[in-house]
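Here is how names work: the chains are called A, B, and so on, in the same order as the sequence lines, proteins then strands, and each is numbered from 1.
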Protein chains: 2
Amino acid sequence: MGRRHGPLPTTEELRIWRDFIETTERLRSHLASRLQSDSALSPGDYAVLLALHEAEGHRLRSSELAAAIGWERSRLSHHLGRMERRGLIRRVECATDNRGAEAVLTDDGAQAFRRATLPHLGAVREMFVDTLTPEQLAAAGEIAQALRVRLDAASGPS
Amino acid sequence: MGRRHGPLPTTEELRIWRDFIETTERLRSHLASRLQSDSALSPGDYAVLLALHEAEGHRLRSSELAAAIGWERSRLSHHLGRMERRGLIRRVECATDNRGAEAVLTDDGAQAFRRATLPHLGAVREMFVDTLTPEQLAAAGEIAQALRVRLDAASGPS
DNA sequence: CCCCTCTGTTTGACACGTCAATCATATCGA
DNA sequence: TCGATATGATTGACGTGTCAAACAGAGGGG
């Protein structure tokens, strides 16, 4: 099934698009590099550690963890492999389902997460929250909401 | 020189932050995958082809190309290597500076770019421009502007 | 003219993401 | 119970991004 195309974006719309997408990318990469130099963690590491930290017993089934952070399974599997090598988590077999694996936060992982949190949230505040006016911050929330609905509509109705 | 930290973001601010950053990431990846299936090009390919297409004689020095699309040199070098293997561009020595390299658009590359443009701009319109109200679109532009200024301030004053 | 230093570019190593394929176990229906 | 199929997770291949190191040629001062 082909896609119908209406009129293309105007020059001004395209300018906003490029500005928006390039700037959000710069923001992501800036925060990633600060997280890396402050805490030796990648954003992926942080997401995983955060989810495990909040989980019952500091442990989660692989698939629940994937769902919690919105990742594909194979991405998570690769990432957990790298994190396990560094001693941030370990994997244990699941008692109730022999197929399953659980990821468990290690002490090192918990400590790394605690050390990372404050500087990271500070950077988010500095580069995002405090950079925008309250109106802009609210608008950013509404924009994200609108885009999310559109993305859900594009992928969801299988 | 350590960083001073003010109060951390509130729960609501953090919710907006996460929503914003995750949604822009989903948007990026959605458009990347559509570009890939429509045109067998990555967003990086498209950026390079666009810059070369607009350049005098469909060719640019590596460093000018890098500046035009805002990439680090080594990233561009790797990417040009991959594009050259696929026949989208070729590299020629620079006549006026024996260190220099020029990237030149091939006929295949130009054709790939032309075929990609319409569906890609259509997708941008569909997923971004038409998804937002005119007010939200304008707000997105202002938000990007504010964030960009902040990012420039953080990296620029060397 | 030669050396030192800058500049333009490439390279290698490694982390990250996606896709398709694989593997083992669960589970359901005949 | 047996066999087909579904599910949980891992793997391999490959494109992509970053960092630091390597290299080659340009340019300037002695």
Side-chain angles (χ1 to χ4, degrees), chain A residues 22 25-26 28-37 39-48 59-86 88-104 155, chain B residues 22 25-37 39-48 59-104 155:
Chain A
E22 280 164 18
E25 175 55 23
R26 274 186 67 189
R28 164 190 321 289
S29 122
H30 177 90
L31 287 175
S33 109
R34 275 175 68 165
L35 185 59
Q36 189 71 49
S37 52
S39 321
L41 295 177
S42 68
D45 297 334
Y46 187 83
V48 168
R59 66 177 54 216
L60 278 177
R61 289 284 298 264
S62 272
S63 46
E64 292 169 10
L65 178 50
I69 59 184
W71 285 10
E72 296 184 6
R73 286 155 178 287
S74 92
R75 176 181 178 185
L76 180 61
S77 188
H78 283 299
H79 205 94
L80 289 181
R82 292 186 294 260
M83 291 181 74
E84 191 169 31
R85 276 203 316 245
R86 293 192 288 150
L88 296 171
I89 60 122
R90 51 176 210 285
R91 277 147 147 159
V92 301
E93 300 167 8
C94 177
T96 68
D97 184 338
N98 287 333
R99 292 168 301 183
E102 276 185 338
V104 187
S155 359
Chain B
E22 281 164 20
E25 175 55 22
R26 274 185 69 188
L27 179 56
R28 164 189 324 287
S29 126
H30 177 89
L31 287 175
S33 109
R34 273 175 69 166
L35 185 59
Q36 189 71 48
S37 51
S39 319
L41 295 177
S42 69
D45 298 335
Y46 187 82
V48 167
R59 66 178 51 215
L60 277 177
R61 288 286 298 264
S62 271
S63 46
E64 292 169 11
L65 178 50
I69 59 183
W71 285 11
E72 296 184 7
R73 284 151 184 281
S74 94
R75 176 180 178 186
L76 180 60
S77 189
H78 283 299
H79 205 95
L80 290 181
R82 293 185 293 260
M83 292 181 74
E84 191 170 32
R85 272 195 277 132
R86 294 192 286 149
L88 296 172
I89 59 123
R90 54 178 206 284
R91 277 148 148 158
V92 300
E93 301 168 7
C94 177
T96 67
D97 185 337
N98 287 333
R99 291 168 302 184
E102 276 186 337
V104 187
S155 0

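The two residues A:Arg73 and A:Ser63 have their closest heavy-atom pair at NH2-CB, 3.5 Å. Between B:Tyr46 and B:Leu35, the closest heavy-atom pair is CB-CD2, 3.9 Å. Residues A:Leu80 and A:Ala103 share a closest heavy-atom pair of CD1-CB, 4.2 Å. Of all non-hydrogen atoms in B:Ser77 and B:Arg91, the two that sit nearest each other are O-NH2, 3.1 Å.
Remark: the A:His78 side chain and the C:dT18 base include a donor-acceptor N/O pair separated by less than 3.5 Å. Counting distance only, with no hydrogens placed and no angle test, the side-chain atoms of B:Arg99 and the base atoms of C:dT7 include a donor-acceptor pair under 3.5 Å. No N or O donor and acceptor, one from the side chain of A:Ser42 and one from the base of C:dC16, sit under 3.5 Å apart.
Remark: P of D:dT16 and CG of B:Leu88 are 10 Å apart, rounded to the nearest angstrom. Residue A:Leu76 contributes atom CG, which lies 12 Å from atom P of C:dT18 at whole-angstrom precision. Atom CG in A:Asp97 sits roughly 15 Å away from atom P in C:dA24 (whole-Å rounding). Rounded to an integer number of Å, the gap from B:Met83 CE to D:dT16 C1' is 13 Å. Between the C1' atom of C:dG12 and the CZ atom of B:Arg75 lies a distance of 18 Å, rounded to the nearest Å. Straight-line distance from the CD atom of A:Glu93 to the C1' atom of C:dT25: 12 Å, rounded to whole Å. The CG-P distance, from A:Leu65 to D:dT10, rounds to 11 Å in whole Å. In this entry the distance linking CG of A:Leu41 with C1' of C:dC16 reads 15 Å, nearest Å.
Nearest-nucleotide assignment on DNA chain D puts the 5′-proximal partner with A:Glu25, out of B:Thr96 and A:Glu25.
For the atom pair CZ (A:Arg61) and CD (A:Glu102), the distance works out to 7.0 Å, reported to the nearest 0.5 Å.
With distances taken from any side-chain atom of B:Ala101 to the nucleotides D:dT16, C:dT10, C:dA15, the minimum falls on C:dT10. When distances run from any side-chain atom of A:His79 to the nucleotides C:dT9, C:dG17, D:dG8, the shortest one goes to C:dG17. Listed nucleotides: D:dG17, D:dT10, C:dT18. Nearest to the side chain of A:Glu72: C:dT18. Closest approach to the B:Ser77 side chain among C:dT10, C:dA15, D:dG17 is made by C:dT10 (side chain taken as heavy atoms from C-beta onward). Nearest nucleotide to the A:Asn98 side chain, out of C:dG17, C:dT25, D:dC19: C:dT25.
An OP1 or OP2 oxygen of D:dA9 is reached within less than 4.0 angstrom by a side-chain nitrogen or oxygen of A:Arg73. The phosphate of D:dG15 (OP1 or OP2) has no side-chain N or O of B:Arg86 nearer than 4.0 angstrom. In this model, the phosphate group of C:dG8 is not approached by any side-chain N or O of B:Arg61 to a distance below 4.0 Å at OP1 or OP2. A sub-4.0 Å separation between OP1 or OP2 of C:dT9 and a side-chain N or O of B:Ser63 is present.
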Run the numbers on B:Arg26 and B:Glu22 for side chain to side chain contact (heavy atoms under 4.5 Å, CB included), then give the verdict. CA-CA 6 Å; B:Arg26 274 185 69 188; B:Glu22 281 164 20; 5.8 Å; no
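At the heavy-atom level, A:Arg91 lies under 4.0 Å from the strands shown only through sugar-phosphate atoms.
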